[in-house]
Amino acid sequence: MMESGVPVCHTCGEHVGLNVNGEPFVACHECNFPICKSCFEYDLKEGRKACLRCGSPYDENLLDDVEKATGDQSTMAAHLSKSQDVGIHARHISSVSTLDSEMAEDNGNPIWKNRVESWKEKKNKKKKPATTKVEREAEIPPEQQMEDKPAPDASQPLSTIIPISKSRLAPYRTVIIMRLIILGLFFHYRVTNPVDSAFGLWLTSVICEIWFAFSWVLDQFPKWYPVNRETYIDRLSARYEREGEPNELAAVDFFVSTVDPLKEPPLITANTVLSILALDYPVDKVSCYISDDGAAMLTFESLVETADFARKWVPFCKKFSIEPRAPEFYFSQKIDYLKDKVQPSFVKERRAMKRDYEEYKIRINALVAKAQKTPEEGWTMQDGTPWPGNNPRDHPGMIQVFLGYSGARDIDGNELPRLVYVSREKRPGYQHHKKAGAENALVRVSAVLTNAPFILNLDCDHYVNNSKAVREAMCFLMDPQVGRDVCYVQFPQRFDGIDRSDRYANRNTVFFDVNMKGLDGIQGPVYVGTGCVFNRQALYGYGPPSMPSFPKSSSSSCSCCCPGKKEPKDPSELYRDAKREELDAAIFNLREIDNYDEYERSMLISQTSFEKTFGLSSVFIESTLMENGGVAESANPSTLIKEAIHVISCGYEEKTAWGKEIGWIYGSVTEDILTGFKMHCRGWRSIYCMPLRPAFKGSAPINLSDRLHQVLRWALGSVEIFLSRHCPLWYGFGGGRLKWLQRLAYINTIVYPFTSLPLIAYCSLPAICLLTGKFIIPTLSNLASVLFLGLFLSIIVTAVLELRWSGVSIEDLWRNEQFWVIGGVSAHLFAVFQGFLKMLAGIDTNFTVTAKAADDADFGELYIVKWTTLLIPPTTLLIVNMVGVVAGFSDALNKGYEAWGPLFGKVFFSFWVILHLYPFLKGLMGRQNRTPTIVVLWSVLLASVFSLVWVRINPFVSTADSTTVSQSCISIDC
């Protein structure tokens with residue numbers, strides 16, 4: 001297990017072994033697909049004589065050798081079966097002994113060694129003879145074996161990679177290389193041809209352009225290997241849902257987080273919950289956990305109503321296979337709802353269900369109206385006891401289980417998925433880490449109560465739009481060839497309620513349809529905070545099973561993550577990986593040694609220091625050792641809720657690895673980027689899944705002010721990561737498990753806010769040039785004109801070819817470009833300053849949750865303008881550039897015909913800025929062209945002051961000769 005040079009079998013996880021020449025065993029010489037001898041022989045017995053990956057037939061000489069070896073070994077089968085139980089996927093006793101001796105040497109504890117030996121003896125005495133798959137098949141008559149063989153599709157891969165055609169990618173990559181060459185020539189010209197009359201302006205422009213080129217490289221090259229993927233849900237069902245056998249699909253725990261029900265309407269959260277409960281997935285495999293981080297009685301009461309309505313809604317959805325399964329969005333669809341419906345009772349039942357939903361909405365609205373004014377004595381529950389969460393900052397942990405196998409059933413008498421309300425304990429003086437802390441609390445609660453091997457987290461306003469979304473993810477996670485190294489499957493975010501023109505680029509189409517596809521071809525997409533299915537083991541800080549181990553000597557060599565610090569506060573990457581291997585070894589011992597009592601179990605857990613990592617809960621620690629999920633048999637059902645309350649106590653995470661190495665990572669308001677980055681550094685890969693019908697849909701803040709505040713929060717999180725020890729510029733180099741193009745992508749996610757500084761300077765240059773009559777570029781020669789023309793053409797051709805392979809529309813690309821400028825000169829600029837204040841001066845910035853509900857009128861919220869300081873910089877830039885254009889034309893009219901030529905370049909530059917800020921200007925006007933007076937006053941004031949100071953100081957421009965000035969003044973008769 002501790003060897004590092006031999007490949008690992010992708011089927012069973014064992015080392016592939018060596019051939020007669022002492023070299024690693026290779027079955028397929030075309031693609032070198034790693035498969036061990038045992039699995040290879042098993043494939044031959046099943047009649048598969050071609051490689052699973054590339055489909056090439058195996059070498060005939062190799063097949064003959066295996067057949068001979070199989071014949072020689074058949075005479076020894078009886079002796080081997082008597083001595084020890086050996087299966088194709090079983091670990092040999094000798095490897096366990098070696099591992100145990102190594103651990104005994106590490107720990108230096110003879111009692112530990114004796115205890116392990118005693119457990120081995122107990123195992124040999126009490127262990128029941130386990131029958132392997134081959135032995136079970138041998139006991140079954142051949143006729144029955146033929147009947148039980150899976151359908152042909154069941155043995156096929158559950159997903160496949162569809163690479164972008166070379167006819168589209170080759171020109172795209174060629175143009176990128178040409179653009180790099182042109183950029184090099186362009187900067188050579190710019191640096192070697194300064195503008196002496198406006199040296200300051202020229203130097204500023206060159207610095208800005210170099211930074212823009214650097215940002216383009218960071219954004220462009222992670223899109224070098226874009227891929228598409230296709231899933232086969234029918235094959236998934238054929239493999240894991242065979243008729244007459246227990247359903248073998250993996251269980252999934254859903255996490256939905258909410259904070260303030262007055263800002264995140266309970267009806268929105270309820271629709272998300274209902275869409276989860278009505279999934280096209282086995283009900284006993286689905287559990288939904290609601291995190292109420294505001295401890296609001298309104299959320300709890302609305303969940304009670306939701307659980308009751310689900311008894312009617314879930315069977316209706318499954319009976320008629322409706323989409324989507326969130327009632328608010330299903331009933332508001334402007335489509336023919338009778339399409340593909342053949343049951344005569346559908347119309348009648350739909351009308352009845354719509355009436356029931358409207359009555360349910362009335363009850364929810366009544367609860368919301370009641371909650372608008374909090375009683376002085378606090379809220380009281382129906383039994384007369386005070387609501388425990390009356391003080392949202394000081395209350396005990398609360399858990400309530402709805403529905404499930406022991407709860408209410410639907411109106412047809414069928415079981416419903418489990419629904420659990422969770423509100424973690426909060427006390428003054430404890431750091432609760434906002435959303436990341438709430439998600440980690442749900443990880444522990446779900447591990448104690450259900451412990452599904454996979455976790456899907458959603459924001460409260462993201463409902464399930466595709467009832468088969470979980471099956472899509474399982475095509476990757478449950479595929480034995482693909483899923484072993486996958487830490488999460490990320491779905492793109494799609495939104496409802498956005499205006500057709502998508503004025504503020506709320507859909508983020510370029511990011512989700514271009515950048516994420518590119519990352520999927522490297523090491524996988526970044527985690528974006530919602531619509532993501534996690535492998536629970538990856539959240540626990542373990543590395544992927546197929547990742548080779550580090551030599552034990554590597555732990556002694558230390559290379560700090562943060563060079564330049566005198567005292568290393570954190571262990572190196574190699575040291576952490578070596579320790580993680582020891583932890584994996586301890587887990588292996590626990591899995592292999594059976595039939596030990598509670599005292600021995602607690603001794604083992606204590607010995608391996610699990611409590612220092614996961615906290616003081618033996619039930620939870622034992623759940624972390626179960627890769628396939630499920631509640632431990634030793635757990636007492638009557639005490640599970642008590643244990644679940646314990647793991648969400650406010651002091652549980654103290655002196656543990658929660659938020660540092662395991663779970664959602666703390667240290668940034670954008671915990672999603674940080675969490676995915678840590679997983680990729682451990683060697684995991686992620687998958688991007690884009691089904692034809694969007695898996696999830698959410699609502700976005702579509703008015704200008706809320707949109708800018710949302711972007712401000714994201715940018716602030718990036719600045720926090722940049723200033724932390726987890727910065728991709730220096731973190732994660734020790735293990736060498738993060739691919740360099742993936743690192744470029746992560747660097748881009750943390751440095752993009754700093755582009756605001758050169759961007760706001762560059763957007764000010766056109767106005768300055770028009771006001772002063774100077775320009776940042778000297779008179780162009782023929783060569784310079786060719787360079788500028790080549791640069792503009794390469795930019796256009798790159799965009800066109802990118803649209804060609806991605807399928808994104810040119811309007812989406814243009815909106816993305818516009819909002820890049822709008823966000824850059826406003827939200828990103830504020831994020832940089834606030835980030836430095838927070839990280840260096842300790843001044844924290846609190847964010848309010850953006851409103852999720854829109855007005856009754858179509859896109860009514862789009863035209864709402866709310867006062868915020870973020871509006872001032874772009875408004876100032878607009879006014880200054882407009883003033884500059886007017887001043888430039890006035891100057892040209894006064895100077896005559898020869899001034900119109902130089903004016904063209906300056907005006908074009910200024911119109912470039914105005915055109916990019918046009919959506920901002922349109923949003924600032926609102927529906928009735930009304931702008932907050934404070935915005936106009938501040939913007940005009942700043943623009944006027946800036947213009948007057950500029951005229952007075954006249955910087956960046958060479959001063960006029962004093963003798964010329966004096967001579968001109970002599971002729972004036974005062």
Side-chain angles (χ1 to χ4, degrees), residues 253-260 264 289-295 392-393 397 422-427 430-447 455-462 487-488 490 526-536 538-541 613-615 620 647-682 686 710 713-727 731 746 749-750 835 838-839 844-850:
D253 288 337
F254 284 77
F255 294 173
V256 179
S257 55
T258 182
V259 181
D260 188 350
E264 297 170 319
Y289 292 84
I290 311 299
S291 171
D292 178 16
D293 223 29
R393 294 181 178 85
V422 179
S423 181
R424 57 181 173 144
E425 181 186 18
K426 287 191 175 181
R427 302 296 181 191
Y430 288 90
Q431 179 61 262
H432 300 293
H433 303 289
K434 300 179 180 178
K435 181 183 176 181
E439 296 288 349
N440 284 337
L442 289 183
V443 170
R444 298 191 293 272
V445 169
S446 63
I455 293 171
L456 196 159
N457 84 293
L458 291 172
D459 287 344
C460 65
D461 61 327
H462 275 68
C487 54
Y488 60 81
Q490 178 66 61
V526 298
Y527 168 45
V528 297
T530 184
C532 185
V533 187
F534 283 98
N535 183 337
R536 189 182 282 268
L539 283 172
Y540 289 155
T613 303
F614 296 110
F620 172 72
V647 298
I648 60 172
S649 59
C650 55
Y652 183 85
E653 294 184 356
E654 288 192 346
K655 298 181 181 179
T656 66
W658 284 102
K660 302 171 186 175
E661 294 294 329
I662 61 176
W664 271 257
I665 306 301
Y666 304 149
S668 171
V669 294
T670 53
E671 68 288 329
D672 44 8
I673 296 293
L674 205 50
T675 302
F677 173 61
K678 292 277 285 188
M679 292 181 182
H680 284 136
C681 286
R682 295 188 188 110
S686 53
Q710 183 188 56
R713 179 182 178 277
W714 295 342
L716 178 59
S718 296
V719 175
E720 289 173 345
I721 297 174
F722 177 81
L723 298 174
S724 71
R725 73 183 186 92
H726 291 119
C727 178
Y731 184 85
Y746 275 112
T749 62
I750 62 155
K838 180 179 180 179
M839 302 302 290
D844 200 357
T845 305
N846 294 321
F847 289 96
T848 56
V849 181
T850 52

Asks: Restricting to non-hydrogen atoms, name the atom on Ile662 and the atom on Arg682 that form the minimum distance, rounded to 0.1 Å.
Replies: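 What the structure gives for the nearest pair is N-NH2, 4.5 Å.
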Asks: Apply side chain to side chain donor-acceptor pair (under 3.5 Å) to His680 and list each qualifying residue two or more places apart in sequence or on a separate chain.
Replies: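 Expected list: Ser686, Tyr746.
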Asks: Side chains of Ile750 and Glu720, heavy atoms from C-beta outward: is any pair under 4.5 Å?
Replies: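 A side-chain contact is absent here, since even the closest heavy-atom pair is not under 4.5 Å.
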Asks: If you measure from CD on Glu439 to CD on Glu671, what distance do you get to the nearest 0.5 Å?
Replies: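 Here the rounded value is 7.5 Å.
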Asks: Nearest 0.5 Å please: distance from the CZ atom of Arg713 over to the CG atom of Leu716.
Replies: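 Between atom CZ of Arg713 and atom CG of Leu716 there are 9.0 Å.
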Asks: Test of understanding: with ring-ring contact (aromatic ring centres under 6.0 Å, His included), list the residues that count as partners of Phe534, not counting sequence neighbours.
Replies: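 Tyr488, Tyr527, Trp664.
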Asks: Can you confirm whether Ser718 sits close enough to Ile673 that some side-chain heavy atom of one is under 4.5 Å from a side-chain heavy atom of the other?
Replies: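 Not in contact.
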Asks: Any non-hydrogen side-chain atom of Ser668 less than 4.5 Å from a side-chain atom of His726?
Replies: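 No; the side chains remain at least 4.5 Å from each other.
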Asks: Donor-acceptor pair, Thr675 side chain versus Ile665 backbone, under 3.5 Å?
Replies: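 Pair found, side chain donor or acceptor close to backbone of Ile665.
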Asks: Taking side chain to side chain donor-acceptor pair (under 3.5 Å) as the definition, give me every residue that meets it alongside Tyr666, ordered by chain and number, with sequence neighbours left out.
Replies: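 Testing Tyr666 for side chain to side chain donor-acceptor pair (under 3.5 Å), a comparison that skips the adjacent residues, returns Asn440, Glu653.
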Asks: Can you give me the closest heavy-atom contact between Arg725 and Glu661, atom names plus distance?
Replies: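 Nearest heavy atoms, Arg725 then Glu661: NH2-OE2, 3.9 Å.
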Asks: Side chains of Tyr540 and Thr613: does their closest heavy-atom pair fall under 4.5 Å?
Replies: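 The answer is no; the side chains never approach within 4.5 Å.
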Asks: Is the closest side-chain heavy-atom distance between His432 and Arg424 below 4.5 Å?
Replies: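 When only atoms from C-beta onward are counted, Arg424 and His432 do touch, with a gap below 4.5 Å.
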Asks: So, Asp293 and Lys426, do they make that salt bridge, N to O below 4.0 Å?
Replies: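 Yes, Asp293 and Lys426 are salt-bridged.
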Asks: Distance from Glu425 atom CD to Cys650 atom SG, nearest 0.5 Å?
Replies: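 Result: 4.0 Å between the selected atoms.
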Asks: Between the side chain of Glu264 and the main-chain N/O of Val259, is any donor-acceptor distance below 3.5 Å?
Replies: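 Yes, because the side chain of Glu264 sits within donor-acceptor range (under 3.5 Å) of the backbone of Val259.
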Asks: Let me know which of Asp672, Asp459, Asn457, Thr670 forms a side-chain hydrogen bond (donor to acceptor under 3.5 Å, both in side chains) with Lys435.
Replies: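 With Lys435 as partner, side-chain hydrogen bond (donor to acceptor under 3.5 Å, both in side chains) holds for just one option, Asp459.
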Asks: When you measure from the side chain of Arg444 to the backbone N and O of Gly615, does any donor-acceptor pair fall under 3.5 Å?
Replies: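 Such a contact is absent between Arg444 side chain and Gly615 backbone.
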Asks: Please identify each residue that fulfils side chain to side chain contact (heavy atoms under 4.5 Å, CB included) with Ala715, with sequence neighbours left out.
Replies: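 Ala715: side chain to side chain contact (heavy atoms under 4.5 Å, CB included) contacts with Tyr752, Pro753, His828, Ala831.
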Asks: With sequence neighbours left out, what residues match Leu723 under side chain to side chain contact (heavy atoms under 4.5 Å, CB included)?
Replies: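 Counting only residues at least two positions away or on another chain, Leu723 forms a side chain to side chain contact (heavy atoms under 4.5 Å, CB included) with Val719, Phe836, Met839.
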Asks: Quick check on side chain to side chain contact (heavy atoms under 4.5 Å, CB included): which of Ile648, Ile455, Val422 does Leu442 satisfy it with?
Replies: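 When Ile648, Ile455, Val422 are each tested with Leu442, the side chain to side chain contact (heavy atoms under 4.5 Å, CB included) holds only for Val422.
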Asks: Check side chain to side chain donor-acceptor pair (under 3.5 Å) between Arg393 and all other residues, then give those that pass, not counting sequence neighbours.
Replies: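 Arg393 satisfies side chain to side chain donor-acceptor pair (under 3.5 Å) with no other residue.
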Asks: Quick check: do Thr749 and Phe677 have side-chain heavy atoms less than 4.5 Å from each other?
Replies: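 Contact flag for Thr749/Phe677 side chains = no.
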Asks: Enter the distance from Ile290:CD1 to Phe254:CZ here, rounded to the nearest 0.5 Å.
Replies: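 Reported to 0.5 Å precision, the distance equals 11.0 Å.
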